[in-house]
Amino acid sequence: MAKLIVHQDKIDDVQSFIKICPFGAMVENDGKVELTAACRMCRLCVKKGPKGAMEYVEDEKKPTVDKSKWRGIAVYVDHVEGRIHPVTFELLGKARELAEKISQPVYALFLGSEITKEAEELLHYGADKVFVCDKDELKDFKIETYAKAFEHFVNDVHPAAILAPATPVGRQLAPRVAARFRTGLTADCTVLDIHASSDLVQIRPAFGGNIMAEILTPNHRPQMATVRYKVMDAPKRTSDAHGEIVPFDVPTEELGSHVDVLRVTKKAKEQSIETADVLVVAGRGIKKKEDIGLLRELADLLGGQVACTRPLVENGWFDAKHQIGLSGRTVRPKLIITCGVSGAIQFVAGMNHSDNIVAINQDAKAAIFKTANYTIVGDLYEVVPRLISDIREGKGDIA
């Protein structure tokens, strides 16, 4: 690991030197400069400080791994009582694409109780082997038991890379497994690729979406990444099943937990913007909360739902589950109409794979127009009512 070394004798003005750090990671203690855990290793102190005051040292000896012993792209199967979440199929499609580049197999890891029959469905989506741990102890999701079962899988199979869905379960499970193997984990990847060396190229927005970070884990295995629903393309289901189901067992005594599930209360089913075919999105161009009704009327006519950008959630006008973007949901509707949305990178990253994007904004230079398939320069308070009127005339009174 790299580190920074402070040379106190090279620092004449401690306070001026401390102010160089944009993260406040340098503090004064008895007239000396000390580094804190806030350090991001940006090395501005090396570049802008007095010559020799801060030294960046990178360890010569880096950890090494025998990559030939780690083969295959594995996908964690997210499910509820055996009902497989569709994000799993998207990850299997990407895993197949990556695996073909390096001529390695695709694995699926399925943990649960009474799931063996459901596991057969995964053979229609590109998995060469589906590893199934079907035990009563795995009936309810408990992080300790699932992490232990996951650990056994990695120790037995040695996959080169693991893709996990960025679902509530995946977000809990992936970090624990990564920590157990002291390996890297990149969350919410938007692009994945792989080198001939089997190094996984993990790309995700960083610094608030202002840059796209390309992350590799060349000296550790397995490599791990999480991906949101609707980011990748799901492959078409094949009529014939290919591959095999491989049962694997974890000793029952190792599946203990400090948590007992006493009762499971199922939430009432509700519509999700992630599954909507049509979305009408409210942006900062909406002047007051009551005006959202105008967009809801348009969405109802089109058989869709209303979504929003982050500022409207912060205003308290929408629940967070309606927000699109890096800190919200990723969507991929057939049609999305943005109303008064500027088009910040953070928002665009959550919807730019939509089939058809229509943008309404009175600013002809709005960033959203660079992403949209169809653009309307105008006041949404004039355009949306006109759209509603035209739709009603064209379809009849269907409201």
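Since the model is a prediction, treat every value here as computed from it, not as a measurement.
Side-chain atoms of Asn315 never come within 3.5 Å of backbone atoms of Trp317 as a donor-acceptor pair (strictly under, hydrogens ignored). Asn361 places a side-chain N or O within donor-acceptor distance of the main-chain N or O of Val341, the cut-off being under 3.5 Å. A donor-acceptor contact shorter than 3.5 Å links the side chain of Gln172 to the backbone of Pro168. Between the side chain of Gln202 and the backbone N or O of Cys189 there is no donor-acceptor pair closer than 3.5 Å. A donor-acceptor pair is defined here as one N or O able to donate and one able to accept, closer than 3.5 Å; such a pair exists between the side chain of Gln305 and the backbone of Ser272. At least one donor-acceptor pair closer than 3.5 Å links the side chain of Thr226 to the backbone N or O of Asp188. Remark: side-chain polar atoms of Asp260 are not paired, donor with acceptor, to backbone N or O of Leu262 under 3.5 angstrom. Checked by atom type and distance alone, the side chain of Arg71 never pairs as donor or acceptor with a backbone atom of Lys67 at under 3.5 Å. In this structure, the side chain of Arg332 does not engage the main chain of Ser354 through any donor-acceptor pair within 3.5 Å. Using modelled atom types, one side-chain atom of Asp128 and one backbone atom of Val106 make a donor-acceptor pair closer than 3.5 Å.
Taking a 6.0 Å sphere around NZ of Lys370, one finds it holds 12 or fewer heavy atoms contributed by other residues, nucleotides or ligands. Heavy-atom neighbours of Gln271 CD from other residues, nucleotides or ligands within 6.0 Å: at or below the threshold of 12. Atom CZ of Arg310 is surrounded by 12 or fewer heavy atoms from other residues, nucleotides or ligands within 6.0 Å. The neighbour count for Arg284 CZ, taken as heavy atoms of other residues, nucleotides or ligands under 6.0 Å away, does not exceed 12. Counting non-hydrogen atoms of neighbouring residues, nucleotides and ligands closer than 6.0 angstrom, the CZ atom of Arg182 reaches no more than 12 such neighbours. Around OH of Tyr56, the count of heavy atoms belonging to other residues, nucleotides or ligands within 6.0 Å exceeds 12. Counting non-hydrogen atoms of other residues, nucleotides and ligands closer than 6.0 Å to NZ of Lys139 gives a total of 12 or fewer.
Put simply, Ile162 and Tyr146 are part of the same group of oily side chains (I, L, V, M, F, W, Y) that touch within less than 4.5 Å, one to the next. Under the 4.5 Å side-chain heavy-atom criterion for ILVMFWY residues, no single connected hydrophobic cluster contains both Ile286 and Ile324. When hydrophobic clusters are built by joining Ile, Leu, Val, Met, Phe, Trp and Tyr residues whose side-chain heavy atoms come closer than 4.5 Å, directly or via intermediates, Ile357 is not grouped with Val383. One hydrophobic cluster holds both Val132 and Val77 under the rule that ILVMFWY side chains link at heavy-atom gaps under 4.5 Å. There is no path of hydrophobic side-chain contacts, each under 4.5 Å, that joins Phe150 to Phe110.
Side-chain atoms of Gln15 and Glu28 form a donor-acceptor pair, as typed in the model, at a separation below 3.5 Å. No side-chain N or O of Thr238 forms a donor-acceptor pair with one of Asp240 less than 3.5 Å apart. For Ser257 and Glu144, the side-chain atoms include at least one donor-acceptor pair closer than 3.5 Å. A donor atom on one side chain and an acceptor atom on the other are not found under 3.5 Å apart for Asp78 and Thr88.
Taking CD of Glu137 as the start and CD of Glu254 as the end, the distance is 12.0 Å to the nearest 0.5 Å. Separation of atoms NE2 (His79) and CZ (Phe141) is listed at 10.0 Å; rounding is to 0.5 Å. Within the model, atoms CG of Asp193 and CG of Leu216 stand 10.0 Å from one another, a figure rounded to the nearest 0.5 Å. Summarising the geometry, atom CZ belonging to Arg180 is positioned 6.0 Å from atom NZ belonging to Lys148; distances are rounded to the nearest 0.5 Å. Atoms CD1 and CG, from Ile337 and Leu279 in turn, are 9.5 Å apart once rounded to the nearest 0.5 Å. Residue Glu118 holds its CD atom at 9.5 Å from CZ of Arg83, rounded to the nearest 0.5 Å.
A salt bridge links Asp199 to Arg221: at least one charged side-chain nitrogen sits closer than 4.0 Å to a carboxylate oxygen. Using a cutoff of 4.0 Å between basic side-chain nitrogens and carboxylate oxygens, Asp233 and Lys94 are not scored as salt-bridged. A salt bridge links Glu274 and Arg329; the closest N-O separation between the charged side-chain nitrogens and carboxylate oxygens is under 4.0 Å. Between Glu90 and Lys230 there is no salt bridge, since no side-chain N of the basic residue sits under 4.0 Å from a carboxylate O of the acidic one. Comment: Glu290 does not engage Lys288 in a salt bridge, judged by the lack of any side-chain N to carboxylate O separation of less than 4.0 angstrom. For Glu121 and Arg237, the salt-bridge test passes: some basic side-chain N is under 4.0 Å from an acidic carboxylate O.
Centroid-to-centroid, the aromatic rings of Phe131 and Tyr107 come within less than 6.0 Å.
Exactly one residue among Gln223, Lys101, Gln104 makes a side chain to side chain contact (heavy atoms under 4.5 Å, CB included) with Ile194. That residue is Lys101.
Asp66 places a side-chain heavy atom less than 4.5 Å from the side chain of Lys69. Within the 4.5 Å cutoff, the side chain of His158 has no heavy atoms near those of the Val154 side chain. Between Asp355 and Pro333, the closest side-chain pair of non-hydrogen atoms is not below 4.5 Å. Using a 4.5 Å cut-off on side-chain heavy atoms (C-beta onward), Met224 and Thr186 make no contact. A 4.5 Å side-chain heavy-atom check between Leu122 and Ile84 finds at least one atom pair inside the cut-off. Side-chain contact between Val33 and Gln8 is present, with at least one heavy-atom pair separated by less than 4.5 Å. Side-chain contact between Val358 and Thr338 is absent, with no heavy atoms from C-beta onward closer than 4.5 Å. Residues Leu255 and Lys135 form a side-chain contact, since some pair of their non-hydrogen atoms from C-beta on lies under 4.5 Å apart.
A cation-pi contact links Lys287 to Tyr381, judged by a cut-off of 6.0 Å to the six-membered ring centre and 45° from its axis.
In this structure, Phe153 and Phe248 have tilted ring planes: the angle between them lies in the 30° to 60° band.
Each ring-ring contact (aromatic ring centres under 6.0 Å, His included) pair with one or both residues in residues 212-246, not counting sequence neighbours, appears once here: His85-Tyr229.
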